[in-house]
Protein chains: 2
Amino acid sequence: MGAVISFNQETSPFGNSVERLVNLVSGDLDAVNTVILDRMKSPVEMIPTLAGHLISSGGKRLRPLLTLSTARMLDVENDHHIKLAAAVEFIHTATLLHDDVIDESVLRRGQASANVLWGNKSSVLVGDFLFSRSFRLMVEVGSFKVLDILSNAAAVIAEGEVMQLSTAKDTATSEEDYMAVIEAKTAALFAAAARSGGIAAGASPDQEEALDQFGRNLGIAFQLVDDALDYSGRQATLGKTVGDDFRDGKITLPVVLAYRRGTDEERVFWQRTLEEGRQDEGDLRQATRLMEKYNTISDTIDRASNFGQQARDALTKLPEGPINKTLSEVIDFCISRAY
Amino acid sequence: MGAVISFNQETSPFGNSVERLVNLVSGDLDAVNTVILDRMKSPVEMIPTLAGHLISSGGKRLRPLLTLSTARMLDVENDHHIKLAAAVEFIHTATLLHDDVIDESVLRRGQASANVLWGNKSSVLVGDFLFSRSFRLMVEVGSFKVLDILSNAAAVIAEGEVMQLSTAKDTATSEEDYMAVIEAKTAALFAAAARSGGIAAGASPDQEEALDQFGRNLGIAFQLVDDALDYSGRQATLGKTVGDDFRDGKITLPVVLAYRRGTDEERVFWQRTLEEGRQDEGDLRQATRLMEKYNTISDTIDRASNFGQQARDALTKLPEGPINKTLSEVIDFCISRAY
């Protein structure tokens with residue numbers, strides 16, 4: 001099973017803190033991998049092949065790790081968290097498959113993306129398959145509460161992605177709109193993943209709320225840093241292409257702030273490159289220059305830092321111990337990788 | 001609410017028998033439409049707009065009708081069947097949205113398809129949204145049995161579609177492979193729709209099994225007739241384009257049989273037009289000529305007729321009455337529309 005996960009300290013955006021979290025729940029994580037491999041199975045060969053390409057490609061397993069660690073932090077006494085963690089990873093993988101089709105991505109985790117290797121059609125359908133299988137796993141666990149939380153998260157993710165389609169290429173997107181998108185498309189699943197683990201362990205309503213807040217704020221911080229890194233040289237070491245968001249005309253916070261603070265002439269630049277999609281050589285460099293001029297990357301990271309603090313505050317309401325401490329370090333690393 | 005459904009006797013493939021079924025459960029169907037409109041809502045405008053385009057476009061509502069009518073046939077005493085019928089329609093609509101992206105369809109129910117009007121990206125995401133919402137509806141009903149059956153059907157549908165991708169353009173597809181595809185992509189949801197209604201009404205295990213058989217065989221018959229009609233002049237009156245399957249290189253039973261029975265020269269024709277996708281004017285006419293030569297369209301309809309008989313046999317194990325009688329007439333019409 002071990003081979004399914006390969007953490008590379010240089011490429012893992014969470015570095016040593018995630019390694020430590022993995023070590024704290026390593027038995028559980030092996031069990032999750034077994035469930036994942038088992039439930040990807042299908043007589044239709046393409047399904048395990050395509051799903052396996054993405055699932056085995058050294059992803060961080062961060063979301064299932066949240067489910068496992070919150071369950072263990074609250075002294076879970078059954079193995080419901082194993083199936084829930086696998087369900088969370090399936091929802092995430094299904095979302096990535098559909099995302100890559102929508103963004104016409106060519107790389108994912110430093111490898112050719114599934115849509116490039118097997119075509120958009122297969123990626124859409126295998127995503128649907130994994131999504132359905134995730135629900136079967138939740139049904140097996142037999143908690144309506146968890147089913148409600150995770151099915152709602154899935155609907156919110158799709159809603160956030162549609163919202164992003166509407167804001168894409170619109171340089172007049174407000175900071176508020178941008179925050180609504182990342183809260184829906186990233187933070188909702190982080191929150192549901194952390195909360196589900198707690199529910200498996202019989203969390204109190206206050207603990208559930210704290211887990212939701214922890215996951216949600218970590219998710220927002222994570223996405224803000226991701227969006228900042230897309231314009232940063234550090235990105236190259238993370239196995240991603242620099243400037244993907246720019247080329248896709250995605251309006252992320254570094255752009256929102258640069259547009260708002262820019263001169264008329266600079267706004268014409270953003271409109272040409274992002275709204276009209278007419279990009280020449282040197283435009284990406286000009287974009288990062290404008291971001292530096294107005295400190296929009298560091299402001300984005302500052303905001304991430306604030307959300308990280310809120311995630312840390314939520315952890316103080318949860319049982320102390322090595323897992324709690326390591327989750328706090330994961331927050332630290334999430335922010336520090338931006339520097 | 002009435003405006004949401006418009007049955008046109010000329011375009012409805014089920015004609016008067018479906019009208020009669022609608023009349024028998026009209027109060028329930030109004031309630032389903034209310035739930036559907038309510039659960040399509042989203043602050044993201046695109047979602048109800050796009051979903052509404054498809055859902056209000058005069059679809060047959062056949063699958064939710066199965067859920068409602070089987071629940072009523074078994075004297076349902078709560079309103080669980082209403083939410084389940086809406087969930088079934090959402091699963092179906094999500095599937096259609098993804099199908100149209102995958103098949104690059106331009107028409108659906110005689111209108112421009114959603115992917116043409118709003119783009120592939122929105123269609124994929126709104127499909128995901130509806131799919132998630134369908135699970136929320138099932139969760140509200142609070143039956144793990146139904147959740148299990150419908151989530152399994154959803155996984156089987158996706159599996160069937162991937163299978164179809166692999167058989168598409170392969171003229172050597174066997175009849176067995178073809179049957180496996182339509183059982184998965186069409187019959188599984190018919191079976192789950194009929195069975196869910198029964199479960200809402202507290203069906204016995206024998207009745208559940210009979211409902212599953214009724215739905216499954218009706219679904220197979222329905223798809224076989226659909227595939228036969230795609231090569232038939234009658235298709236034009238049903239609001240669909242004739243020869244869509246041919247142009248898409250889909251290997252349906254009329255082709256499978258014509259290829260198997262054909263001469264070497266004829267096989268070269270099928271390989272050129274379907275496998276290699278090199279089609280000239282007159283090729284569709286040549287395809288139908290070969291199908292007539294080997295009676296493959298009428299053989300396809302004969303097979304549909306056999307499955308229709310099995311669906312009728314299953315109905316004899318269920319309570320008699322006007323609903324049972326009308327469901328039997330729906331089977332008759334499903335077959336007879338082919339002639």
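Residue numbers begin at 1 in each chain, while the letters A, B, ... track the order of the sequences.
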message: At a heavy-atom distance under 4.5 Å, which candidate from A:A180, A:A158, A:A94 has the highest pair count against chain B?
response: A:A158
message: Tell me if a side-chain donor or acceptor on A:D230 pairs with a main-chain N or O of A:D245 at a distance below 3.5 Å.
response: yes
field: Contact origin within B:L165 toward chain A - heavy atom pairs under 4.5 Å
entry: side chain
- prompt: Rounded to the nearest 0.5 Å, how far apart are CZ of A:R195 and OG1 of A:T67?
  reply: 13.0 Å
Aromatic contact, A:F222 with A:F190 (centres under 6.0 Å): yes
task: Check whether any side-chain N or O of B:Q223 sits under 3.5 Å from a backbone N or O of B:I182 as a donor-acceptor pair, and report yes or no.
output: no
query: Taking B:E159 for the side chain and B:A184 for the main chain, is one N or O donor matched with an acceptor at less than 3.5 Å?
result: no
message: Shorter than 4.5 Å, heavy atoms on both sides: which option in B:R133, B:H98, B:M163 has the most such pairs with chain A?
response: B:H98
- request: Return the option, out of B:S122, B:S151, B:P43, with the maximum number of heavy-atom pairs under 4.5 Å with chain A.
  value: B:S151
- line: Note: vs chain A, highest number of non-hydrogen pairs under 4.5 angstrom among B:V126, B:N152, B:V124 is B:N152
